[in-house]
Amino acid sequence: MAKFQVVDHPLIQHKLTIIRDKNASSKVFKEVLNEIATLLAYEVTRSLPLEDVEIETPITKSVQKRIAGKKQAIVPILRAGLGMVDGFMSLIPAARVGHIGMYRDPETLEAVEYFAKFPVDIDERHVYVVDPMLATGASAIAALSQLENKYNVKQENMTFVGLVAAPEGVNALRDAFPDVDIYVAALDDHLNDHGYIVPGLGDAGDRIFGTK
Ligand SMILES: O=P(O)(O)OC[C@H]1O[C@H](OP(=O)(O)OP(=O)(O)O)[C@H](O)[C@@H]1O
Ligand SMILES: O=c1cc[nH]c(=O)[nH]1
Ligand SMILES: [Mg+2]
């Protein structure tokens with residue numbers, strides 16, 4: 001079974017409280033979401049492999065470390081996942097970005113895909129699928145299924161990174177993708193009757209883009 005980690009660094013908890021507040025403006029929401037995404041990216045990349053490289057400092061030749069292994073890709077689940085891309089890119093600027101568009105049917109809570117565009121070599125990369133909200137898990141499962149089944153990305157080469165998760169979503173995602181690591185900033189209490197995370201932060205997409 002892959003890893004499930006709540007990244008509960010004090011800075012993340014503090015920043016999350018700022019954007020949970022319903023009075024946070026769209027500007028603040030976007031800025032702080034990206035800051036949290038950067039902090040999550042720092043933790044998520046902790047176990048990247050390293051290799052030795054010989055360099056010359058102003059003083060002497062020296063063998064030092066640099067990141068080795070697979071190239072990386074970031075795949076935001078549109079729309080809300082877009083709010084995490086800049087934060088990730090600030091730490092892994094060489095990553096390519098793919099996009100997958102999903103919306104939740106408000107009645108059935110099923111995920112409906114409306115767009116997909118990925119780097120041509122996505123099956124050779126480690127893929128960070130990012131979306132602030134993991135509620136029922138339907139959107140994340142649909143995105144990962146698409147990457148696995150249509151684009152041949154192996155489960156062990158995918159990581160899901162979210163901000164706020166409900167236990168229902170974590171369980172569903174782990175059942176469907178036991179070999180995909182999951183990192184979130186908070187594990188909340190439950191889903192309400194409309195499939196929203198409680199206490200949560202509301203509709204992340206609407207709060208980022210000011211659509212409600
Ligand atoms: O785990 P689930 O039950 O699938 O819910 C989570 C999904 O719901 C939200 O997207 P939404 O459908 O609101 O689309 P948006 O990002 O365009 O607002 C959110 O960003 C996730 O993608
Ligand atoms: O609480 C939730 C659940 C799904 N999508 C959101 O944006 N928020
Ligand atoms: Mg939304």
Side-chain angles (χ1 to χ4, degrees), residues 4 6 15-34 36-37 40-41 74-88 97-118 127-149 158-178 180-212:
F4 168 63
V6 179
K15 288 173 189 295
L16 190 50
T17 301
I18 292 172
I19 62 174
R20 283 187 193 272
D21 189 331
K22 68 177 186 182
N23 294 316
S25 67
S26 183
K27 179 174 184 288
V28 166
F29 193 94
K30 262 187 298 213
E31 284 171 2
V32 176
L33 172 57
N34 257 316
I36 298 173
L40 287 170
I74 303 161
V75 173
I77 302 179
L78 308 183
R79 292 172 303 165
L82 286 173
M84 297 174 71
V85 173
D86 288 350
F88 262 71
V97 182
H99 296 87
I100 186 158
M102 296 274 175
Y103 70 85
R104 269 197 339 171
D105 182 302
E107 302 300 325
T108 65
L109 301 184
E110 280 170 19
V112 182
E113 186 186 316
Y114 58 86
F115 183 77
K117 180 83 179 169
F118 302 119
V127 181
Y128 302 103
V129 175
V130 300
D131 189 331
M133 310 308 281
L134 181 62
T136 65
S139 304
I141 289 169
L144 293 170
S145 301
Q146 175 78 297
L147 286 164
E148 184 181 42
N149 299 328
M158 294 192 279
T159 302
F160 178 85
V161 189
L163 211 64
V164 181
E168 294 90 330
V170 174
N171 291 335
L173 186 53
R174 274 165 81 72
D175 282 351
F177 287 93
V180 172
D181 288 337
I182 304 171
Y183 291 80
V184 295
L187 181 61
D188 274 12
D189 290 344
H190 64 278
L191 295 177
N192 69 15
D193 292 343
H194 303 287
Y196 278 87
I197 299 172
V198 181
L201 48 73
D203 187 301
D206 285 337
R207 296 199 63 190
I208 293 167
F209 296 106
T211 38
K212 228 172 218 168

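Read the numbers this way: they start at 1 and go in the same order the structure lists the ligands and their atoms.
- Counting only heavy atoms of the protein, atom 17 (O) of ligand 1 lies nearest to Arg79 NE, 2.7 Å.
- In summary, the atoms of ligand 1 found under 4.0 Å from a heavy atom of Gly137, numbered by their order in the structure, are 1 (O), 2 (P), 3 (O).
- Ligand 2 has at least one atom lying under 4.0 Å from a heavy atom of Gly202.
- Shown in contact with Met133 at under 4.0 Å from a heavy atom are these atoms of ligand 1, numbered in order with element: 6 (C), 19 (C), 21 (C).
- Less than 4.0 angstrom separates some heavy atom of Asp131 from each of these atoms of ligand 1: 19 (C), 20 (O), 21 (C), 22 (O).
- At least one heavy atom of Arg104 sits under 4.0 Å from some atom of ligand 2.
- Looking at Thr211 and Arg79, their side chains do bring a donor and an acceptor atom within 3.5 Å of each other.
- Close approach of ligand 1 to Leu78 (heavy-atom distance below 4.0 Å) involves ligand atoms 16 (O).
- Note: an N/O pair closer than 3.5 Å links Ala204 and ligand 2 by distance alone.
- The Met102 neighbourhood of ligand 1 comprises atoms 14 (O), with distances under 4.0 Å to a heavy atom of that residue.
- In this structure, atom 3 (O) of ligand 1 has a protein heavy-atom contact shorter than 4.0 Å.
- In terms of polar-atom proximity, defined here as any N/O pair under 3.5 Å, Met133 makes no such contact with ligand 2.
- By the 3.5 Å distance cut-off applied to N or O atoms, Ala80 is counted among the residues near ligand 1.
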Please assess Arg20 against Asp188 for the test side chain to side chain contact (heavy atoms under 4.5 Å, CB included), listing each intermediate value before the final yes or no. CA-CA 12 Å; Arg20 283 187 193 272; Asp188 274 12; 2.8 Å; yes

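- The ligand atoms of ligand 1 that sit less than 4.0 angstrom from a heavy atom of Tyr103 are 12 (O).
- Under a 4.0 Å heavy-atom criterion, Ala80 is not in contact with ligand 2.
- Nearest protein heavy-atom neighbour of atom 5 (O) of ligand 1: Arg104 CD, 3.1 Å.
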